[in-house]
Visitor: 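Structure provided below as structure tokens; questions to follow.
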Amino acid sequence: MENHSKPIALVLVLVLIFTLVPFTAAAAEEMEAVPPEADSVEAEELWKAEAAPVATGKPGYGFLQAPANFKAVSAGYNSVKLTWDAVPGAESYILVAFVKIDGQFVPVLPEDTIDVGNVATYTWGGLRTAKEHIFALTAYGESATGRELRSKTLERFATPVCAAPQYFHVSIISGVSTEEGVVISCTAGLKWRKSPGANGYHLYRATSSDRTYRRFKTITNGGTQSCNVNLDPEVDTYFKIVPYRGVRGDAAEMTVKRMLWACPAPPEIL
């Protein structure tokens, strides 16, 4: 009885060789076509770790430079504006957002991620006011041989807060004088335009002697004007307004130096 096991084994070996040689050659060519361009030891190690599976026939991806100047800043009571520098070779950018609730970060969206396309700015709306958020950005692309390219993921923190009101204006509206005509006290009138999303405003005052702001009134009905009485006309006074939405909001200062009673009232700009 003839033994056919050796010819069969030889055929299998030849098939395996002719199958693997083109793949490993293509994989090596693909890896050479996308240099690491690593800007750090960590990035270089990432490239080595993720590119290695390509040579073994497993899915892998190449390395893209991480987006530079990634920033996240409040753009209003429920939004954050994200900006970054475009990455050479990137075709799209993926964003992920988490909100901090009870000490834990949870995804903002059920689907977790947003593909914003090939842009370098995005304003994320529908966020929670005065809650800390974390935003993660990853650049994606494709090599000439069709392999996926991606950058390391960057993270930034931001908290949506009410924007500072526009045209915060202070003027002297009345005063008290002695019989000799010396002004001994005066009243300042404050006006401003409504801040989008604000339910109220905290008003603060400081003098030139200590420059320490102390809250003297809280507007709870969403009003856009108030006054401060019994001011000393000989002391420079500064005012600050802080909008809020259920909680204390934006800490951005809008200060105006009080004008002396003897000076004419400034023109109305509201």
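The shown structure was predicted, so the numbers you read here are calculated from the model rather than taken from an experiment.
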Visitor: Treating Arg193 as the side-chain partner and Tyr167 as the backbone partner, does any N or O pair qualify as donor plus acceptor under 3.5 Å?
Guide: no
Visitor: When you measure from the centre of the six-membered ring of Phe135, is the NZ or CZ of Arg156 under 6.0 Å away and within 45° of the axis?
Guide: no
Visitor: Yes or no on side-chain contact (heavy atoms from CB on, under 4.5 Å) for Ile114 and Leu109, after CA distance, side-chain angles and deciding distance?
Guide: CA-CA 9 Å; Ile114 291 181; Leu109 298 176; 3.5 Å; yes
Visitor: About how many Å separate OG1 of Thr138 and CZ of Arg150, when rounded to the nearest 0.5 Å?
Guide: 8.0 Å
Visitor: By the side-chain hydrogen bond (donor to acceptor under 3.5 Å, both in side chains) test, which pairs, at least two apart or in different chains, include something from residues 68-78?
Guide: Asn69-Asp85
Visitor: Find the distance between CG (Leu64) and CD (Glu142) and round it off to the nearest 0.5 Å.
Guide: 11.5 Å
Visitor: Let me see the working for Tyr204 and Val242 under side-chain contact (heavy atoms from CB on, under 4.5 Å), right down to the final yes or no.
Guide: CA-CA 8 Å; Tyr204 296 82; Val242 177; 3.8 Å; yes
Visitor: Give a yes or no on whether the backbone of Ala139 and the side-chain of Ser151 come within a donor-acceptor separation of less than 3.5 Å.
Guide: yes
Visitor: What is the distance from atom NZ of Lys217 to atom CZ of Arg205, rounded to the nearest 0.5 Å?
Guide: 10.5 Å
Visitor: Could you give the distance from OG (Ser195) to CZ (Phe168), rounded to the nearest 0.5 Å?
Guide: 12.5 Å
Visitor: Using a 4.5 Å cut-off on heavy atoms from C-beta on, say whether the side chain of Phe105 contacts that of Val99.
Guide: no
Visitor: Do Leu137 and Val96 land in one hydrophobic cluster if side-chain heavy atoms of ILVMFWY residues count as linked below 4.5 Å?
Guide: no
Visitor: Check whether Phe157 and Val80 end up in the same hydrophobic cluster, where Ile, Leu, Val, Met, Phe, Trp and Tyr are linked by side-chain heavy atoms less than 4.5 Å apart.
Guide: no
Visitor: Is there a path of hydrophobic side-chain contacts, each under 4.5 Å between heavy atoms of I, L, V, M, F, W or Y residues, that connects Ile219 with Val170?
Guide: yes
Visitor: Tell me which pairs pass side-chain hydrogen bond (donor to acceptor under 3.5 Å, both in side chains) where either residue lies in residues 90-108, with sequence neighbours left out.
Guide: none
Visitor: Determine, step by step, whether Phe239 and Leu190 satisfy the side-chain contact (heavy atoms from CB on, under 4.5 Å) criterion, reporting the C-alpha distance in whole Å, the side-chain angles of both residues, the deciding distance to 0.1 Å, and the verdict.
Guide: CA-CA 9 Å; Phe239 294 92; Leu190 298 83; 3.7 Å; yes
Visitor: For the side chain of Trp192 and the backbone of Ile241, is there at least one donor-acceptor N/O pair under 3.5 Å apart?
Guide: no
Visitor: Between Phe70 and Trp124, is there shared hydrophobic-cluster membership here, with clusters defined by ILVMFWY side-chain heavy atoms closer than 4.5 Å?
Guide: yes
Visitor: Where do Ala66 and Val87 come nearest, in terms of heavy atoms and distance?
Guide: C-CG2, 4.1 Å
Visitor: Between Thr123 and Ala75, what is the shortest heavy-atom contact and its length?
Guide: CG2-CB, 4.4 Å
Visitor: Establish, from distance only, whether the side-chain atoms of Lys194 and Thr224 form a donor-acceptor pair under 3.5 Å.
Guide: no
Visitor: In terms of hydrophobic clusters joined by side-chain contacts under 4.5 Å, are Phe216 and Tyr201 together?
Guide: yes
Visitor: Distance from Leu154 atom CG to Leu82 atom CG, nearest 0.5 Å?
Guide: 12.0 Å
Visitor: Which pair of non-hydrogen atoms, one from Thr187 and one from Asn230, has the smallest distance, and what is that distance?
Guide: OG1-N, 4.4 Å
Visitor: For residues Pro160 and Lys131, report the shortest heavy-atom separation together with the two atoms involved.
Guide: CD-O, 3.2 Å
Visitor: Going through the distances and angles, do Leu95 and Tyr122 end up as a side-chain contact (heavy atoms from CB on, under 4.5 Å)?
Guide: CA-CA 9 Å; Leu95 286 170; Tyr122 183 77; 3.7 Å; yes
Visitor: When you compare the side chains of Thr207 and Thr237, does any donor N or O come within less than 3.5 Å of an acceptor on the partner?
Guide: no
Visitor: Start with the C-alpha gap between His202 and Tyr244, add the side-chain angles, then the distance that decides, and say whether ring pair (Phe, Tyr, Trp, His ring centres under 6.0 Å) holds.
Guide: CA-CA 8 Å; His202 297 304; Tyr244 68 87; 4.6 Å; yes
Visitor: Between Arg128 and Ile101, is any pair of side-chain heavy atoms under 4.5 Å apart?
Guide: yes
Visitor: Nearest 0.5 angstrom please: Asn199 CG to Cys162 SG, how far?
Guide: 7.5 Å
